[in-house]
Amino acid sequence: MIQFQKLRYKNFLSTGNNLTELNFDTHPTTLVVGQNGSGKSTMLDALSFGLFGKPHRKISKSQLVNSINQKGTLVEVEFAIGSQQYKVIRGIKPNKFEIWVNGNMVNQVSHAREYQLMLENNIIKLNHKSFHQIVVLGSSSFVPFMQLTSQARRDVIEDLLDINVFSKMNGLLKEQVSILKEKINDNEYQINLVNTKINAQKKYLRDLNAVTSQQKKEKQETIKGLQEQIKVLTDNNSKLSADLEDKEAPLLKDIEDLSQKMKDLEDYASQFKHEQKDVVKKAKFFDKHDICPTCEQDISKDIKKYHLEKCKTKAETISVALEMYDKQKKKFEDKKEAFDVMMDCIRAWQSNINGNNREIASINESIDRLNREIGNIDEETGDLSEANAELEKLRVSKEGLQETKYKLNEQASYDRVKAELLKDTGIKTKIIKQYLPVINNLTNEFLQTLDFFVHFNLNEAFEETIRSRHRDAFSYDSFSEGEKQRIDLSLLFCWRQIAKMKNSVATNLLLLDETFDSSLDEDGIENLMKIISSLSEDTNVFIISHKSELEDAHFARKIEFVKERNFSKIKA
């Protein structure tokens, strides 16, 4: 149980630089009065700001600083939980946030938000929304339980029943499921990767075992088929190539024939030139020699004349042949020039084809891979021991991954069961079902004390049904403001009773801000006072009001706020 003891604040809203101090646990009932704007409700904003870093009303943090002093805003809240004594200090200009336990400050974490969560979750176990359902009932920015959304209603009741631990567990489980999902996905990826490696290794072994000419032939046929597919994609090039073939093939053949003829002509000319040299040499021999150098016999004039005439005749014949060679060579060269012009045209067409080919990104990777395989087949060794060892290692790795997969899937099955138990329709609903009759009974008891004779019922979805005698079922919005306030008050006291039963967020403090000044009539006020007087001795009730007739009622203490020189303070 939270035992609120003291609240101090200064330079907060309309208060000045002197500390305003309120003792919460000294009197069972306290009437807080004052003129409008005197600072009565400031204590609610100060308490809320001290505990949660935000005020009770819809006021921005910058507006909490006193507009005259403009600095030094400070709020201190002292309370006890069991044997532990706590103090929370919070300030603006300068910013300050400290939590003290038994005189020692709790180590501050790096981020103020985490420090705040530690205060709410680990110490007071109460959030801002639940605080305003069981501690404060105000007429300003307070949102009654019945005006909250279904989810917000659920959050309040979970806090009261101390079952929000299941929501936290569900959040942790979702994180674990997310991590597990990543592990499963990674495991699947690893298995697929190992399968790919195993298939590749098996293929490698098959390739090593099938190094044959037939395999080469099959790969070459595959390459040819892929090339045909590429050819289909290049229709434009096919048309150009067809036109080029019609002209290029005959021209190449003519060029080849011409080259052969020119070669033959050169061989022919070379032969005659060689014979011409022999004839000249022989003629010189007979012209200069009268004796044969070999047999040393005289060479007669007739013989010399005969051979010289013969050489002359042969020389003339050779000369005529060489003249014919020159003429034929000129013809061949002219023809070759014509062929060169035609080849330039063919090269221009080929250039167009090459330009189109550059638009094709690349030859299919399979062709390159198959060509590399063909080139490497003869170089691969027949030793399969290392490859088989690698394959076995991959199989062992796959078995380990499969075992991990089974364990991960088993864990996922367990997590699904946990998720079913931890979601809103699981354990929490079962616990809430047990408390719904208690909640409805307590609410109806308080409604009867307030002379509002209706039957109030909350279902598992936290939707209300309100029935009155001889009337059909109504919703909360069907009633007048006074009737609504009776319902709100009944729920407020109900939540406090539930909290006390559960000892989850039970507290000694109850703050009613202008509750008596709004929609309650005289009977309603009298009945509300009955409920307040019936509360346990460890409850401290503060009633903030500006109704003068309440001043005559019996309260253990009365506090009056006044405003002097634009600053709010407690009247001495």
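Every heavy atom of this structure was used, including side-chain atoms; hydrogens, water molecules and symmetry mates were not. Residues: numbered from 1 along the sequence shown.
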Does Ile544 form a side chain to side chain contact (heavy atoms under 4.5 Å, CB included) with Leu512? I'd like the steps, not just the answer. CA-CA 6 Å; Ile544 301 172; Leu512 302 177; over 6 Å; no
Rounded to the nearest 0.5 Å, what separates atom OG1 in Thr15 from atom CG in Asp45? 10.5 Å
Which pairs count as salt bridge (Lys or Arg N to Asp or Glu O under 4.0 Å) when at least one residue sits in residues 180-190, sequence neighbours excluded? Glu188-Lys405
For Ser397 and Val194 the tightest heavy-atom approach is OG-CG2, 4.1 Å
dist Tyr414:OH -> Asn409:CG (nearest 0.5 Å) comes out at 12.0 Å
Residues Gln84 and Asn102: side-chain donor-acceptor under 3.5 angstrom: yes
List for me each residue that meets side chain to side chain contact (heavy atoms under 4.5 Å, CB included) alongside Arg395, sequence neighbours excluded, and say none if there are none. Ile198, Lys202, Leu391, Glu392
Quick one: pull up CG in Leu491 and CD in Glu464 and give me the separation to the nearest 0.5 Å. 9.5 Å
Can you confirm whether the side chains of Asp415 and Gln411 place a donor and an acceptor under 3.5 Å from each other? yes
Mind running side chain to side chain contact (heavy atoms under 4.5 Å, CB included) on Ile2 and Tyr86 for me, showing each step along the way? CA-CA 10 Å; Ile2 305 173; Tyr86 293 91; over 6 Å; no
Within the structure provided, determine whether Phe79 and Gln3 are in side-chain contact (heavy-atom separation under 4.5 Å). no
Partners meeting side chain to side chain contact (heavy atoms under 4.5 Å, CB included) with Leu74 (sequence neighbours left out): Lys10, Glu76, Ile89
Looking only at side chains, do Glu410 and Tyr406 share a donor and an acceptor under 3.5 Å apart? no
Inter-residue atom distance Gln201.CD - Lys393.NZ, 0.5 Å rounding: 10.0 Å
Tyr189 side chain reached by Ile184 side chain, heavy atoms, under 4.5 Å: no
Side-chain touch Val75/Ile92, heavy atoms, less than 4.5 angstrom: no
For residues Asn23 and Glu21, report the shortest heavy-atom separation together with the two atoms involved. OD1-OE2, 3.7 Å
d(Ile432 CD1, Ile439 CD1) to nearest 0.5 Å is 8.0 Å
Going by an N to O cut-off under 4.0 Å, is there a salt bridge joining Arg8 and Glu78? yes
Tell me, with the steps shown, if Lys61 and Lys54 meet side chain to side chain contact (heavy atoms under 4.5 Å, CB included). CA-CA 7 Å; Lys61 187 175 180 180; Lys54 47 190 173 183; over 6 Å; no
Are any side-chain N or O atoms of Gln448 and backbone N or O atoms of Glu445, one a donor and one an acceptor, separated by less than 3.5 Å? no
Applying salt bridge (charged side-chain N to carboxylate O under 4.0 Å, His left out), run through Lys125 and Glu120 and close with a yes or a no. CA-CA 5 Å; Lys125 296 181 181 179; Glu120 293 182 17; over 6 Å; no
Step-by-step side chain to side chain contact (heavy atoms under 4.5 Å, CB included) determination, Asn508 to Thr539: CA-CA 4 Å; Asn508 67 310; Thr539 302; 5.8 Å; no
Would Phe49 and Tyr9 count as a close aromatic pair, with their ring centres under 6.0 Å? no
State, to 0.1 Å, how close Leu436 and Leu458 come at their nearest heavy-atom pair, and which atoms those are. CD2-O, 3.7 Å
Please list, chain by chain and in numerical order, all residues satisfying side chain to side chain contact (heavy atoms under 4.5 Å, CB included) with Ser14, sequence neighbours excluded. Thr42, Lys563, Ser568
Residues in side chain to side chain contact (heavy atoms under 4.5 Å, CB included) contact with Ser413, at least two apart in sequence or another chain: Arg416
State, with a plain yes or no, whether a side-chain heavy atom of Arg90 is found less than 4.5 Å away from one of Gln116. yes
List for me each residue that meets ring pair (Phe, Tyr, Trp, His ring centres under 6.0 Å) alongside Phe452, sequence neighbours excluded, and say none if there are none. Phe479
Do you see a donor-acceptor pair shorter than 3.5 Å between the side chains of Ser41 and His56? no
Any side-chain heavy atom of Val65 within less than 4.5 Å of one from Phe12? no
Nearest 0.5 Å please: distance from the CG atom of Leu44 over to the CZ atom of Phe542. 10.5 Å
Over all heavy atoms of both residues, which pair between Lys96 and Glu98 is shortest? Give the atoms and the distance, please. CE-OE2, 3.2 Å
Any side-chain heavy atom of Ile99 within less than 4.5 Å of one from Lys87? no
Would you confirm whether Asn66, through its side chain, and Gln70, through its main-chain N or O, come within 3.5 Å as a donor-acceptor pair? no
Do Asn69 and Asn17 have side-chain atoms, one donor and one acceptor, less than 3.5 Å apart? no
Set out, in order, the CA-CA distance, both residues' side-chain angles and the distance that settles side chain to side chain donor-acceptor pair (under 3.5 Å) for Asn457 and Asn440, then state yes or no. CA-CA 6 Å; Asn457 185 72; Asn440 290 326; 3.0 Å; yes
On a heavy-atom basis, which atom in Asn444 and which in Phe456 lie closest, and how many Å separate them? OD1-N, 2.6 Å
Verify the distance criterion only: is there a donor paired with an acceptor across the side chains of Ser178 and Glu175 at less than 3.5 Å? no
Is a donor on one side and an acceptor on the other found under 3.5 Å between the side chain of Asn540 and the backbone of Leu510? no
Side-chain heavy-atom pair Leu511, Leu47 within 4.5 angstrom cut-off: yes
Take atom NZ of Lys197 as the centre, draw a 6.0 Å sphere, and report whether it contains more than 12 heavy atoms from other residues, nucleotides or ligands. no
Within the 3.5 Å criterion, strictly below it, is a donor on Asn195 or Lys398 matched to an acceptor on the partner's side chain? yes
Could you tell me if the side chain of His455 sits less than 4.5 Å from the side chain of Ile466, heavy atoms only? no
Phe24 and Phe4 have their tightest heavy-atom pair at CB-O, 3.4 Å
